There are 2 protein chains.
Amino acid sequence: MGATKTEHFTAKQNKLATLAKALGHPARIAIFDYLLKVDTCICGDIVNELPLAQPTISQHLKELKNAGLIKGSVEGNAICYCIDETVLEILQKYFNNISSKIDMKKSNCC
Amino acid sequence: MGATKTEHFTAKQNKLATLAKALGHPARIAIFDYLLKVDTCICGDIVNELPLAQPTISQHLKELKNAGLIKGSVEGNAICYCIDETVLEILQKYFNNISSKIDMKKSNCC
DNA sequence: AATCTATATCGTAATATTGCAATTAAATAA
DNA sequence: TTATTTAATTGCAATATTACGATATAGATT
């Protein structure tokens, strides 16, 4: 054991969990914050911004990329990363949907 | 190594990461789904709904509770769980904020 | 009290994540 | 060609997560 039993859940549930998991680390939230702060995409300078070694950041970027949250394009010998809006929309809609569903409930307990 | 270096990041970044991480597992997304589907709080029947053993679900509920995403109240010899809206709002606002920030950008790359 | 029912905790095995030094790969600059 | 720069990959140690059987706890029921 130890491995997540993804086969028991729906594709949507697994997708959402993957996205949430990808953002479930402060370094990856910090990468997102930086991507939003700077007006263009990041091209390497993120290594100087975060208090982690270059291989570690490269790994975090890889995970964000695997989840589909960011996309990267080669820019000379540097690589330019930025947020992928389409995938982010899934999360946005999910939480907005939850909030409206909760609001409609009469909250008859807790 | 192996432990997350939370001390290097802001309280807000760590908080968001904790919340996202708590939802970063399909079983916990499924628990959320079920909490929204049934009109009242769940009282035990979630063990029959999910394809996981009772101790495993208890553990997942504990993690959601630790993150502040759900709250539980004793209801006889059963326990009644439901979503905590206030904490959920943090996530909702975060993703809405990101989306609006991205929309304002002229997307001059990628 | 004895029993049932619901949930939590303990202990532990299997697996995943985090972090980094060392190295590699690929494009640029000299 | 030979650096130099930038980012990915490899390998590995430390730690965390996932899952569940066994057991414990707490309230309800008989």
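In this text the structure is predicted, and so the values were computed from the model without any measurement.
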Asks: Who are the side-chain hydrogen bond (donor to acceptor under 3.5 Å, both in side chains) partners of B:Asn14, not counting sequence neighbours?
Replies: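 By the side-chain hydrogen bond (donor to acceptor under 3.5 Å, both in side chains) rule, B:Asn14 matches no residue at all.
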Asks: List the residues meeting side-chain contact (heavy atoms from CB on, under 4.5 Å) with B:Ala67, not counting sequence neighbours, and say none if there are none.
Replies: B:Thr18, B:Leu19, B:Ala22, B:Leu69
Asks: Using the side-chain hydrogen bond (donor to acceptor under 3.5 Å, both in side chains) criterion, which residues pair with A:Ser58? Sequence neighbours excluded.
Replies: none
Asks: So B:Ile29 and A:Tyr94, do their side chains get closer than 4.5 Å, heavy atoms only?
Replies: yes
Asks: Run the side-chain contact (heavy atoms from CB on, under 4.5 Å) test against B:Lys65 and tell me which residues pass, sequence neighbours left out.
Replies: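 With neighbours one apart ignored, the set is B:Ile70, B:Tyr81.
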Asks: Could you check how far CG of B:Leu50 sits from C1' of D:dT18, rounded to whole Å?
Replies: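 The distance from CG of B:Leu50 to C1' of D:dT18 comes to 15 Å, rounded to the nearest Å.
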Asks: Name all residues meeting the side-chain hydrogen bond (donor to acceptor under 3.5 Å, both in side chains) criterion together with A:Gln59; count only those two or more places apart in sequence or in a different chain, and write none if there are none.
Replies: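 side-chain hydrogen bond (donor to acceptor under 3.5 Å, both in side chains) check on A:Gln59 returns nothing, list empty.
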Asks: With DNA chain C as reference, determine whether A:Val74 or A:Glu63 sits nearer its 5' end, using the nearest nucleotide of each.
Replies: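 That would be A:Glu63.
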Asks: Does anything in residues 51-62 of chain B come within less than 4.0 Å of DNA chain C? Heavy atoms only, and list the residues if so.
Replies: B:Gln54, B:Pro55, B:Ser58, B:Lys62
Asks: Only counting residues at least two apart or in another chain, list the ones meeting side-chain contact (heavy atoms from CB on, under 4.5 Å) with B:Asn96.
Replies: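 Checked B:Asn96 against side-chain contact (heavy atoms from CB on, under 4.5 Å); matches are A:Gln92, A:Asn96, B:Gln92.
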Asks: Quick one, which residues of residues 4-14 of chain A touch DNA chain C with a heavy atom under 4.0 Å?
Replies: none
Asks: Are OP1 or OP2 of C:dA8 and a side-chain N or O of B:Tyr81 less than 4.0 angstrom apart?
Replies: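 The answer is yes; a side-chain N or O of B:Tyr81 sits under 4.0 Å from OP1 or OP2.
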Asks: Among D:dT5, C:dT7, D:dA16, which nucleotide has an atom closest to any side-chain atom of A:Asn77?
Replies: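 Taking heavy atoms from C-beta onward, the closest nucleotide is D:dT5.
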Asks: Whole Å only: how far is the CG atom of A:Asn66 from the P atom of C:dA16?
Replies: 15 Å
Asks: Checking A:Phe95 now: which residues fulfil ring-ring contact (aromatic ring centres under 6.0 Å, His included) with it, not counting sequence neighbours?
Replies: B:Phe95
Asks: Please report the shortest heavy-atom distance between A:Leu35 and A:Cys82, naming the atom on each side.
Replies: CD2-CA, 3.8 Å
Asks: Restricting to pairs with a member in residues 8-21 of chain B, which pass salt bridge (charged side-chain N to carboxylate O under 4.0 Å, His left out), not counting sequence neighbours?
Replies: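 Found none.
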Asks: Measure from CG on A:Asn48 to C1' on D:dT5 and round the result to the nearest Å.
Replies: 12 Å
Asks: Counting only non-hydrogen atoms, which of residues 15-32 of chain B are less than 4.0 Å from DNA chain D?
Replies: B:Lys21, B:His25, B:Arg28
Asks: Using whole Å, report how far CD1 of B:Ile79 lies from C1' of C:dT9.
Replies: 13 Å
Asks: Could you tell me which residues satisfy side-chain contact (heavy atoms from CB on, under 4.5 Å) with A:Ala27, sequence neighbours excluded, listed by chain and number?
Replies: A:His25, A:Leu52, A:His60, B:Phe9
